[in-house]
Amino acid sequence: MGLGRSAAVSALAMTDRPELRALLDAERASTEAQIASLTRTFDDVVESIEDVGNDDEHDPDGSTIAFERAQVIALLQQARANLAALDAAIERLASGRYGVCEVCGRDIPIERLEALPTTQRCVACVEVRRSRPW
Ligand SMILES: [Zn+2]
């Protein structure tokens, strides 16, 4: 992109793309911030459970707090999985394996990587599997 080359960008060339590394780093930083904020929220929820006391089985707020807690846990799990995926992508980028479809071995277009930096499949292979929302 913007280099005036007509040939497809090879996966190896992607390791030299600082914008992809910057994108992954930025995503990673915001995911870490999200985890920190969710952890604080989780602590608050746990605290409010303690405030409610030991009779939470019969407290009308008990189930609401339990629901809230389950939601925060789900969000935390999601954010942690995202962080792990970003770490793996950064590792692939560093070792020159980034941007190659894990199914067919073809290069994943740069536009797709910019939109979904942790993806490991090209559009064609995702469509075959139909197991992912993208
Ligand atoms: Zn593929």
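Model, not experiment: these values are computed from the prediction. We number each residue from 1, following the sequence as shown. For ligands, and for the atoms within them, numbers begin at 1 and follow the listed sequence. Hydrogens, waters and symmetry mates are skipped; everything else that's a heavy atom, side chains included, is used.
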### Task
Classify the side-chain pair Ser95/Arg97 by whether it contains a donor and acceptor separated by less than 3.5 Å.
yes
### Message
If you count every heavy atom of other residues, nucleotides or ligands that lies below 6.0 Å from Glu32 atom CD, does the total exceed 12?
### Response
yes
### Query
Leaving out waters, which are not shown anyway, how many protein N, O or S atoms lie closer than 2.8 Å to the Zn ion (ligand 1)?
4
### Message
Does this structure show an ion pair linking Asp44 with Arg40, if we count only N-O contacts that are shorter than 4.0 Å?
### Response
no
### Query
Sub-3.5 Å donor-acceptor pair from the side chain of Tyr98 to the main-chain atoms of Glu91, do we have one?
no
### Task
Identify the heavy atoms of Ile35 and Ala79 that sit nearest to each other, and give their distance.
CG1-CB, 3.6 Å
### Task
Report yes or no: does Arg112 contribute a side-chain atom to a donor-acceptor pair with the main-chain N or O of Arg121 at less than 3.5 Å?
yes
